[in-house]
Amino acid sequence: MAGAEVSLAGWAHEIRDLGGICFLILRDREGFAQVTLAAKRVDKSLTETVRHLSRETIVLVKGDVKAEQKAPRGYEIIPTEITVLSKAESPLPMDPTGKVGADLDTRLDSRFVDLRRPSALAAFRIESAVMRSLRDFFYENGFIEVCTPKIVATATEGGTALFPISYFDKEAFLNQSPQLYKQILMSAGLDRVFEIGAIFRAEEHDTRRHLNEAVSIDVEVSFADHHEVMRLLEEAVARAYRYVSQSCTNDLEVLEIELEVPKTPFRRVTYTQALEMANEDRDAEIEWGDDLDTEAEKTIGKTMGEHYFITEWPTEIKPYYTQPEEERPEISKGFDLMHPKMELASGAQRVHDYDLLVKRIRDQGMDPDGFEFYLRSFMYGMPPHAGWGLGLGRLVLTMLDLENIRDAVLFPRDRRRLVP
Ligand code: ATP
Ligand code: MG
């Protein structure tokens with residue numbers, strides 16, 4: 001565009017006044033542009049305006065593009081007109097250049113400034129690319145995108161980890177998972193559905209990988225078993241990595257990441273094998289039938305070193321809607337997708353037989369009456385089906401090797417944080 005006349009608006013990232021020449025570095029979502037005000041070439045009033053700009057003020061610059069090797073990306077703008085669109089107060093709540101570090105709470109309190117840091121923004125541009133690649137992948141594979149309700153009358157899995165809300169004169173909750181509705185849609189004949197939506201968990205977590213509101217990428221597939229949806233899941237994850245590595249080169253550079261696309265198929269280890277790995281070097285051994293704790297996940301992750309599946313979980317510790325194996329019902333058709341650092345997804349072939357489902361709900365100490373709206377869909381033709389839920393925040397967190405899931409969520413919700 002050398003020689004072209006342009007209008008460029010952005011944030012005044014930096015003002016460098018060298019006396020005879022003054023530089024204004026403008027920033028927007030895509031990067032930086034240099035506006036050069038040499039005393040000889042530019043109207044004095046423009047230089048005066050720039051000298052008095054506070055950092056982060058939003059300005060509109062009209063001017064001519066000139067090739068200049070020393071400028072960022074090889075071009076500068078010689079201004080003919082500068083308009084202040086919105087003045088920024090000073091001091092700023094935090095440093096948007098990232099030179100002066102700020103702790104997580106300060107950054108989250110002033111998220112609108114924090115996101116002006118190119119490295120903070122990069123993670124969210126990549127997150128957008130991840131969602132886009134997954135949507136493409138699902139549509140290519142015959143899926144329908146659905147939106148299930150987030151205000152519900154009953155828990156998905158019993159338990160108490162629900163946020164109650166007042167709903168006129170009734171009690172209602174924020175949904176912890178689209179599980180039951182995805183399954184009802186299988187009975188309806190939607191065949192293959194996906195949803196990217198919020199899930200709410202009322203647990204008092206205090207970890208780097210849990211929030212009270214998260215985004216889950218959920219799928220459900222009719223006439224499929226757990227093996228089929230595990231293949232779908234590993235391909236989805238590999239697809240997201242591949243797309244990001246091809247289309248987000250600038251953002252990866254800003255984050256100083258060389259993204260390696262995980263190779264498929266991922267390794268499958270059974271729960272029993274995983275337990276052996278976990279118990280190898282451990283004081284209090286985990287017994288068969290107990291859930292794997294964080295320490296166990298870490299030990300196994302170290303041994304595995306890449307994405308892997310844990311299969312053949314004990315039926316007892318998987319939710320009631322998980323299909324037991326026909327030949328040995330103490331083993332289920334549930335699975336977890338693991339990154340060496342944490343769980344990314346859980347899935348299973350589901351129970352599709354009405355009587356078995358009622359029994360499983362009872363076995364887990366719950367009352368089938370509370371699930372009538374769900375159970376009815378199993379009485380009039382329910383195909384065999386399988387599916388999974390993958391945490392978007394955790395996918396991005398592990399992909400970019402971020403410290404904390406809060407760096408992969410724009411406005412995180414945790415026990416202590418409800419604003420902004
Ligand atoms: P964990 O055992 O790590 O607490 P979970 O087994 O309770 O997770 P699932 O119910 O299996 O979680 O949910 C499916 C996926 O959704 C998880 O694998 C995870 O990626 C994501 N997810 C679930 N709960 C949270 C949460 N509180 N914060 C962030 N992501 C979550
Ligand atoms: Mg899980």
Side-chain angles (χ1 to χ4, degrees), residues 127 130-131 134 148 150 155-163 174-183 194-220 226 229-230 233-234 236-237 240 266 271 274 278 286 290-298 300-301 307-311 313-322 332-348 350 364 386-399 402-417:
E127 189 159 271
V130 165
M131 286 192 277
L134 291 177
T148 62
K150 304 306 157 204
T156 305
E157 303 186 9
T160 51
L162 285 175
F163 287 111
L174 295 177
N175 206 3
Q176 70 191 93
S177 151
Q179 181 63 30
L180 306 188
Y181 290 93
K182 287 193 299 180
Q183 291 193 261
F194 81 95
E195 173 163 20
I196 301 180
I199 57 171
F200 303 91
R201 309 270 166 114
E203 279 124 16
E204 298 194 352
H205 297 295
D206 195 9
T207 76
R208 291 161 188 245
R209 62 181 200 286
H210 288 100
L211 288 172
N212 294 107
E213 177 178 334
V215 171
S216 171
I217 301 150
D218 259 275
V219 313
E220 205 65 32
H226 50 311
V229 293
M230 274 193 269
L233 177 51
E234 64 196 356
V237 169
F266 299 159
Y271 164 85
I286 305 175
D290 286 346
D291 208 351
L292 302 172
D293 57 16
T294 313
E295 191 192 332
E297 283 182 2
K298 276 197 184 131
I300 306 163
H307 289 83
Y308 63 100
F309 284 106
I310 304 179
T311 61
W313 286 82
T315 303
E316 220 175 285
I317 53 171
K318 281 290 169 191
Y320 60 84
Y321 48 75
T322 311
S332 77
K333 297 189 179 183
F335 60 84
D336 278 6
L337 170 65
M338 307 295 297
H339 177 274
K341 288 194 174 153
M342 68 191 73
E343 177 190 316
L344 294 184
S346 285
R350 324 292 191 187
Q364 297 208 348
W388 41 258
L390 165 67
L392 176 66
R394 289 193 193 177
L395 180 60
V396 173
L397 158 71
T398 50
M399 179 183 280
L402 303 173
E403 282 259 311
N404 195 310
I405 195 166
R406 290 160 180 79
D407 284 314
V409 174
L410 285 169
F411 300 103
R413 292 285 173 264
D414 63 27
R415 227 179 109 192
R416 275 161 286 133
R417 184 171 290 278

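One-based numbering, in listed order, for ligands and for the atoms of each. The chain is numbered in sequence order, starting from 1.
With hydrogens and angles disregarded, a donor-acceptor distance shorter than 3.5 Å links the side chain of N212 to the backbone of R415. With hydrogens and angles disregarded, no donor-acceptor distance shorter than 3.5 Å links the side chain of K318 to the backbone of K333. Looking only at distances, a side-chain donor or acceptor of N404 sits under 3.5 Å from a matching main-chain atom of R406. Using modelled atom types, one side-chain atom of R394 and one backbone atom of R209 make a donor-acceptor pair closer than 3.5 Å. At least one donor-acceptor pair under 3.5 Å links the side chain of R350 to the backbone N or O of G387. A donor-acceptor distance shorter than 3.5 angstrom exists from the side chain of H339 to the backbone of K341, with no hydrogens or angles considered. The closest donor-acceptor contact from the side chain of R201 to the backbone of Q176 lies under 3.5 Å.
Among protein heavy atoms, atom 2 (O) of ligand 1 sits closest to E343 OE1, 3.6 Å. For atom 10 (O) of ligand 1, the closest non-hydrogen atom on the protein side is R201 NH1, 2.9 Å. Nearest protein heavy-atom contact of atom 20 (O) of ligand 1 is L344 O, 2.8 Å. The shortest contact between atom 22 (N) of ligand 1 and any protein heavy atom is with I199 CD1, 4.2 Å. In this structure, the protein non-hydrogen atom closest to atom 4 (O) of ligand 1 is H210 NE2, 2.5 Å. At the shortest separation from atom 21 (C) of ligand 1 among protein heavy atoms lies G391 CA, 3.7 Å. The shortest contact between atom 29 (C) of ligand 1 and any protein heavy atom is with R209 O, 3.4 Å. Distance from atom 27 (N) of ligand 1 to its nearest protein heavy atom, with residue and atom name: L211 O, 2.8 Å.
Put simply, CG on L180 and CG on N175 are 7.0 Å apart, with the number rounded to the nearest 0.5 Å. Taken from CG in L392 to CD1 in I199, the straight-line distance is 10.5 Å, to the nearest 0.5 Å. Y271 contributes atom OH, which lies 7.0 Å from atom CD1 of I286 (distance to the nearest 0.5 angstrom).
The shortest separation from a heavy atom of A345 to ligand 1 is under 4.0 Å, placing the residue in contact. Residue contacts with ligand 1 do not include M342, since none of its heavy atoms lies under 4.0 Å from the ligand.
Neither the backbone nor the side chain of L395 comes within contact range of ligand 1; no heavy atom lies under 4.0 Å. Of all the heavy atoms of R394, the ones lying under 4.0 Å from any atom of ligand 1 belong exclusively to the side chain. At a heavy-atom cutoff of 4.0 Å, ligand 1 is contacted by the side chain of H205 but not by its backbone.
Where the criterion is an N or O separation shorter than 3.5 Å, residue side chain and backbone included, A214 fails it with respect to ligand 1. When only interatomic distances are considered, the shortest N/O to N/O separation between G389 and ligand 1 does not fall below 3.5 Å. Ligand 1 has no N or O atom lying under 3.5 Å from any N or O atom of I405, backbone or side chain. The shortest N/O to N/O separation between S216 and ligand 1 does not fall below 3.5 Å. In terms of N/O distances under 3.5 Å, ligand 1 is approached by S346.
In terms of distance to the Mg ion (ligand 2), the nearest N, O or S atom of E343 is named OE2.
Aromatic ring centres of F309 and F335: separated by under 6.0 Å.
Using a 4.0 Å cut-off between charged side-chain N and carboxylate O, R208 and D407 make no salt bridge.
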